[in-house]
Amino acid sequence: MHFTGTVYRNPYWETFPLLQITRGCTHNKCKFCTMYSDVTFKMQPIEEHYCCA
Ligand code: SF4
């Protein structure tokens, strides 16, 4: 599976597969948050949403 950027996830879900739909944050203005401050929001291309091999 293709995944870009830093992964932020709940530690209880570490064995769950990830499906990246977007990258970054549409809001990106919360004063306490720097998670996506250097990332421009973007939808991942639809062909990258599904893993079929
Ligand atoms: S907390 Fe961070 S990721 Fe969540 S909405 Fe605010 S800026 Fe975006």
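Being a predicted model, the structure only gives us computed values, none of them experimental. In each ligand, atom 1 is the first atom listed, and ligand 1 is the first ligand listed. Nothing fancy with the numbering, it's 1 onward along the sequence.
Counting non-hydrogen atoms of neighbouring residues, nucleotides and ligands closer than 6.0 angstrom, the OH atom of Y12 reaches no more than 12 such neighbours.
With contacts defined as side-chain heavy-atom distances shorter than 4.5 Å, the pair F16/L18 does not qualify. Residues T4 and Q20 meet the side-chain proximity criterion, which asks for heavy atoms closer than 4.5 Å.
For F41 and Y36, the ring centers are positioned 6.0 Å apart or more.
Summary of contacts: the protein heavy atom closest to atom 7 (S) of ligand 1 is N28 CA, 3.5 Å. Looking from atom 8 (Fe) of ligand 1 to the surrounding protein, the closest heavy atom is C25 SG, 2.2 Å.
Residue M35 approaches ligand 1 through these ligand atoms, each under 4.0 Å from one of its heavy atoms: 3 (S).
By the definition of a contact as any protein heavy atom under 4.0 Å away, atom 1 (S) of ligand 1 is in contact.
Side-chain heavy atoms closer than 4.5 Å link hydrophobic residues (I, L, V, M, F, W, Y) into clusters, and following such links, even through other members, never connects V39 to M43.
Within the coordination shell of atom 6 (Fe) of ligand 1, defined by N, O or S atoms under 2.8 Å, C30 is present.
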